[in-house]
Amino acid sequence: MDFLNSLNPPQKEAVTTTEGPIMVIAGAGSGKTHVLTCRIAYMLKKGNQNGERVSPFEILALTFTNKAAKEMRERIEKMVGTEARNIWMGTFHSIFARILRTQAEKIGFSKDFTIYDQEDAQGLIKTILKEIKIDEKVFKPNYIHHRISMAKNMLVTASEYQQYVRDEWTEKTYEVYKIYEQRLKNANAMDFDDLLLKPLELFRDNPDILAYYQNRFEYILVDEYQDTNHAQYMITRYLAHKHQNITVVGDDAQSIYSFRGANIQNILNFNKDFPNTKVIKLEQNYRSTPNILAVANEVIQKNKDQIQKIVWTENKEGDKVTVIRSLTEQDEANRVADIIRSTRYELNLALKDFVVLYRTNAQSRAIEEGLRKVGLPARVIGGMSFYQRKEIKDLIAYFRVVLNDNDETAFKRIINYPTRGIGEVTIEKILDASRKTGNSLWYILNHAEQYLGKGKSTAAIQGFVEMIQNFRDYSTKNDAYQTAKHIAHTCGLFKELKNDTSPEGISRVENVQELLNAIKSFVDDTSQNDKSLSFFLQEVSLLTSADLSPDEDAVTLMTIHTAKGLEFPVVFVVGVEEDLFPSRASLNSRSELEEERRLFYVAVTRAKYRLYISYAEQRYRYGDVSESTASRFIKEINPNLLNFEGRASQIIRKHQKNHQQYLEHSLYQPSVKSFTHVGENIIQDEFKGEFIPCNPGDLRVGMEVRHEKFGKGKITAIDGTEDNFKAHVFFNGIGNKTLLLKYAKLMIVKD
DNA sequence: CCGTTACTCGTTTTT
DNA sequence: CGAGTAACGG
């Protein structure tokens with residue numbers, strides 16, 4: 001196994017320990033993906049520890065994005081060949097959507113169930129609010145949806161939710177939740193949360209099915225475990241129950257999705273559920289320079305909730321981290337553009353080696369504009385993704401109606417788009433009739449005359465019904481692409497869009513064409529055997545912004561959340577200002593503030609060679625200017641690690657003062673952590689052993705040392721020459737220090 | 001029934 | 001500022 005040589009000892013252990021529960025705490029840039037890849041390749045090629053062959057069909061690997069899965073699969077394929085294609089690998093959502101499709105009847109759905117995205121779900125909630133006359137100005141649909149979603153994540157069903165009702169809010173949520181679930185079911189639709197909930201229901205009520213999957217998935221791997229929610233946690237627990245061969249990989253310091261229900265306790269409590277868990281820590285970073293890492297370590301150290309670990313590196317020193325202060329956000333964008341323009345030649349980098357990261361999608365505009373002005377192409381990831389565009393969703397709604405005649409949300413979207421004389425009043429009548437009689441929308445539409453009488457509207461409806469019927473017939477005789485093309489040209493959408501000759505209008509036509517192309521290549525894809533339109537829609541509805549990656553050479557712009565798991569030679573983190581990052585909404589609670597800090601940690605650790613942290617003193621908010629100040633996260637960094645761009649001396653002095661004040665007066669306390677037992681074990685490990693005196697020459701990067709004054713720390717780098725050896729040491733709760741070995745009496749910690 | 005115009009409100013982050 | 005909604009006139 002030649003690739004084992006590329007692994008350090010803990011990595012090797014994580015790869016070759018095939019049996020039993022394992023938790024890998026993988027610091028940023030510690031080769032986590034490499035380990036996962038090698039681990040699977042190792043099992044396939046070499047078999048398990050008992051010397052048995054492992055088949056790819058027995059491995060289930062759950063990742064955070066489809067892109068991560070795709071990349072991992074490709075890398076494994078390079079190592080072991082085409083059998084890699086047979087591994088079950090994907091996001092929780094896509095894997096279980098696939099399983100649900102084969103088992104849908106068992107839980108009262110048909111296999112062509114529709115997946116409702118955020119917009120669909122919220123739209124449905126909105127109509128429910130209207131129907132039961134709850135003021136949507138007070139009880140915001142998105143907020144209600146969030147509460148329902150959280151409840152679902154916690155496996156609280158609508159009827160169980162009743163016991164949590166204590167005020168007006170929970171009461172309304174309860175009312176809506178009940179109807180919402182009913183309506184989803186009637187529509188033969190599931191929302192994102194259902195894709196995790198329904199499998200659990202399926203397993204709970206069908207022990208034979210559970211047993212089947214438990215047997216089948218002998219080895220389970222979960223990546224980004226720190227961002228799994230309770231439902232995902234339960235799924236893995238169910239599935240791993242029989243074989244107990246579960247490997248979870250994660251980094252508590254990179255847990256940034258609690259707003260989506262991610263539960264950090266999953267990682268902290270893992271070995272309660274799997275008592276013989278082997279904990280492996282990967283702490284050597286292969287990505288970033290010591291300077292970048294020092295900044296990251298120093299900031300994250302301010303968090304109370306964390307598993308103690310020290311990420312260190314042997315990489316070359318590199319440049320200091322640069323802090324950029326700008327007057328306005330335009331100014332900020334110009335500077336970023338300027339730096340990219342000059343650095344790309346200086347460092348001989350491609351444009352796609354640069355990334356600009358921000359806290360909120362809204363910030364992308366100014367940066368885009370700044371880059372455009374100097375002629376640098378930019379690629380904005382996220383925000384409104386392709387499949388969320390109106391014209392795309394419109395066409396997809398036609399597909400959905402053709403496949404699933406109960407899909408209420410899709411019906412409402414297209415019944416009068418393009419306009420065909422079926423107005424609001426008429427639609428209301430139809431919905432009303434459906435609700436009153438309990439008949440489906442499709443049924444009412446088919447018997448329009450009976451419910452609405454004869455008239456213009458009824459004729460229009462009959463025309464619509466005929467059209468859909470025609471599409472349905474067509475779809476049974478033609479493939480997905482032919483069908484899609486036929487629908488797009490016949491439903492009037494193309495005609496409607498072509499009327500608009502503005503640049504945006506033209507781009508909309510192109511987008512629709514692009515969707516058709518995507519379906520064509522889906523049909524032509526030989527590695528895919530399910531070629532139905534239905535399967536295409538399923539795949540499409542679970543795409544992430546990170547999943548789309550055209551390979552043009554352009555500067556990448558995205559949110560920090562989207563950047564998780566990626567790395568770039570040069571990183572700009574922009575808008576690092578109070579009230580923006582950390583977000584104003586997070587200031588009320590410690591845990592939310594700590595999540596912001598973890599987010600900052602994620603941002604910083606994306607950088608390989610150069611990192612710029614930028615803030616502007618003025619920024620547009622809600623259309624008018626507002627003043628802003630540097631984020632506390634900047635002040636938490638030791639100024640010795642930083643370079644200040646612009647009116648330097650003045651700013652440095654100010655910054656040093658800030659930092660000093662911060663250390664003296666702030667809430668900052670050396671880390672006395674609140675740990676669970678996992679954390680405690682890890683801490684205890686670090687405190688056992690004795691100290692031995694040493695000569696400067698004995699010290700190596702990665703060693704644990706003890707300093708008289710600063711206590712215990714880990715060497716993150718060594719430089720200087722002969723007499724002047726300097727060690728960069730990261731001390732627990734104190735941060736980075738550079739020590740002259742001549743003077744510092746360091747002791748090696750021996751275990 | 002349809003399209004235009006005036007107003008309100010909001011920003012976290014996304015499978 | 002811009003998206004999304006309510007109100008109005010054709």
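Fair warning: this is a prediction, and the values are worked out from it, not measured in the lab. Lettering of chains follows the sequences in order, A, B, ..., and the numbering in each one begins at 1.
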Participant: Could you list the residues that satisfy side chain to side chain contact (heavy atoms under 4.5 Å, CB included) with A:K495, not counting sequence neighbours?
Facilitator: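 Testing A:K495 for side chain to side chain contact (heavy atoms under 4.5 Å, CB included), a comparison that skips the adjacent residues, returns none.
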Participant: With nearest nucleotide decided by heavy atoms, which residue, A:H93 or A:I427, maps closer to the 5′ end of DNA chain B?
Facilitator: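 Whichever sits nearer the 5' end wins; that is A:I427.
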Participant: Within this structure, what is the CD1-to-C1' distance between A:I461 and B:dC1, rounded to whole angstrom?
Facilitator: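 These atoms are roughly 13 Å apart.
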Participant: Could you state the atom-to-atom distance from OH of A:Y417 to P of B:dC2 in whole Å?
Facilitator: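 Taking atom P of B:dC2 as the reference, OH of A:Y417 is at 14 Å.
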Participant: Counting primed atoms plus P, OP1 and OP2 as sugar-phosphate and everything else as base, spell out the protein contacts along nucleotides 2-10 of chain C at 4.0 Å heavy-atom distance: B, S or - for each nucleotide, 5' to 3'.
Facilitator: S--S-----
Participant: Counting any heavy atom closer than 4.0 Å, what does A:F581 reach on the DNA or RNA strands: base, sugar-phosphate only, or nothing?
Facilitator: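 No contact at all - A:F581 keeps every heavy atom at 4.0 Å or more from the nucleic acid.
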Participant: Would you say A:S583 places a side-chain N or O within less than 4.0 Å of OP1 or OP2 belonging to B:dT11?
Facilitator: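 Answer no for this pair, as no side-chain N or O of A:S583 is under 4.0 Å from OP1 or OP2.
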Participant: Taking A:Q618 for its side chain and A:L327 for its backbone only, find out whether a donor-acceptor pair lies under 3.5 Å.
Facilitator: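 Checking the backbone N and O of A:L327 against the side chain of A:Q618, no donor-acceptor pair under 3.5 Å is found.
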Participant: Please answer whether the main-chain N or O of A:S583 pairs with a side-chain N or O of A:E596 as donor and acceptor at a distance below 3.5 Å.
Facilitator: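 Looks like yes, one N/O pair under 3.5 Å.
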Participant: Grab the CD-P distance between A:Q330 and C:dC1 for me, whole Å please.
Facilitator: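 It works out to 12 Å between those atoms.
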Participant: With heavy atoms under 4.0 Å as the rule, sort A:E595 into base, sugar-phosphate or nothing.
Facilitator: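 Here A:E595 touches no strand at all.
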Participant: Below 6.0 angstrom between ring centroids: does that apply to A:F399 and A:F536?
Facilitator: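 No: the rings miss the under 6.0 Å criterion.
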Participant: Across the strands shown, which category fits A:K140 at heavy-atom distances under 4.0 angstrom: base, sugar-phosphate, nothing?
Facilitator: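 Touches sugar-phosphate only.
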Participant: Heavy atoms only, 4.0 Å cut-off, all strands: where does A:Y620 land among base, sugar-phosphate and nothing?
Facilitator: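 No contact at all - A:Y620 keeps every heavy atom at 4.0 Å or more from the nucleic acid.
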Participant: Can you name the residues that form a ring pair (Phe, Tyr, Trp, His ring centres under 6.0 Å) with A:F535, not counting sequence neighbours?
Facilitator: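 For A:F535, no residue satisfies ring pair (Phe, Tyr, Trp, His ring centres under 6.0 Å) once neighbours in sequence are set aside.
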Participant: Got a sec, which residues hit side chain to side chain contact (heavy atoms under 4.5 Å, CB included) with A:M150, two or more places apart in sequence or on another chain?
Facilitator: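 Partners of A:M150 under the side chain to side chain contact (heavy atoms under 4.5 Å, CB included) test: A:H146, A:N153.
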Participant: Atom CZ of A:F259 to atom P of B:dT13: distance rounded to whole Å?
Facilitator: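 The distance from CZ of A:F259 to P of B:dT13 comes to 8 Å, rounded to the nearest Å.
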Participant: Please list, for nucleotides 3-7 of chain B, all pairs of protein and nucleotide N/O atoms separated by less than 3.5 Å.
Facilitator:
none

Participant: Output yes if the stacking criterion (under 5.5 Å between centres, under 30° between planes) is met for A:Y622 over the base of C:dC1, else no.
Facilitator: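 Base of C:dC1: not stacked against A:Y622.
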Participant: Taking only side-chain N and O atoms of A:N361, does any of them lie within less than 4.0 angstrom of OP1 or OP2 on B:dT13?
Facilitator: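 So the side chain of A:N361 is within the cut-off, an N or O lying under 4.0 Å from OP1 or OP2 of B:dT13.
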Participant: Under the rule for side chain to side chain contact (heavy atoms under 4.5 Å, CB included), what residues qualify as partners of A:D135, not counting sequence neighbours?
Facilitator: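 With neighbours one apart ignored, the set is A:K137, A:V138.
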Participant: Given the P atoms of B:dT13 and C:dG4, what is the spacing between them in whole Å?
Facilitator: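 Taking atom P in both B:dT13 and C:dG4, they lie 14 Å apart.
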Participant: State plainly whether the residues A:R260 and A:D227 are in salt-bridge range, i.e. N to O under 4.0 Å.
Facilitator: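 Salt bridge flag = no for A:D227 with A:R260.
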Participant: According to the Watson-Crick and G-U wobble definitions, with both distances under 3.5 Å, which nucleotide is paired to B:dC9?
Facilitator: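 Partner of B:dC9: C:dG2.
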Participant: Counting just side-chain N and O atoms, does A:N416 come under 4.0 Å of either OP1 or OP2 of B:dC2?
Facilitator: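 So the side-chain polar atoms of A:N416 do come within 4.0 Å of the phosphate oxygens OP1 or OP2 of B:dC2, strictly under.
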Participant: Between the main-chain N or O of A:W169 and the side-chain N or O of A:T173, is there a donor-acceptor pair closer than 3.5 Å?
Facilitator: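 Yes.
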Participant: Using modelled atom types only, decide if a donor and an acceptor are shared between the side chain of A:Y257 and the backbone of A:H561 within a distance under 3.5 Å.
Facilitator: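 Present.
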Participant: Tell me: NE2 of A:H146 to P of B:dT11, nearest whole Å?
Facilitator: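 After rounding, the gap between these two atoms is 13 Å.
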Participant: Classify A:Q232 by what it touches in the nucleic acid, base, sugar-phosphate, or nothing, heavy-atom distance under 4.0 Å.
Facilitator: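 Since no nucleic acid heavy atom lies under 4.0 Å of A:Q232, the category is nothing.
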Participant: Does any N or O in the side chain of A:R606 come within less than 3.5 Å of the main-chain N or O of A:L566, such that one atom is a donor and the other an acceptor?
Facilitator: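 Here the side-chain-to-backbone pair exists.
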Participant: Under 4.0 Å, counting only non-hydrogen atoms across every strand here, what does A:T559 touch: a base, just sugar-phosphate, or nothing?
Facilitator: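 Touches sugar-phosphate only.
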Participant: Send over the distance from A:E577 CD to B:dT11 C1', rounded to a whole Å.
Facilitator: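 That distance rounds to 14 Å.
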Participant: Once you round it to whole Å, what is the distance between P of B:dT11 and OH of A:Y143?
Facilitator: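 So the two atoms are 12 Å apart, to the nearest Å.
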Participant: For a quick check of understanding: with a heavy-atom distance under 4.0 Å over all strands, which category does A:D191 fall into, base, sugar-phosphate or nothing?
Facilitator: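 If one applies the 4.0 Å heavy-atom cut-off, A:D191 turns out to touch nothing in the nucleic acid.
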Participant: How long is the line joining CD of A:Q226 and P of B:dT13, in whole Å?
Facilitator: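 Rounding to the nearest Å, CD of A:Q226 and P of B:dT13 are 20 Å apart.
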Participant: Once you apply a heavy-atom cut-off of 4.0 Å, does A:T426 come out as touching a base, just sugar-phosphate, or nothing?
Facilitator: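 If one applies the 4.0 Å heavy-atom cut-off, A:T426 turns out to touch the sugar-phosphate alone, with no base involved.
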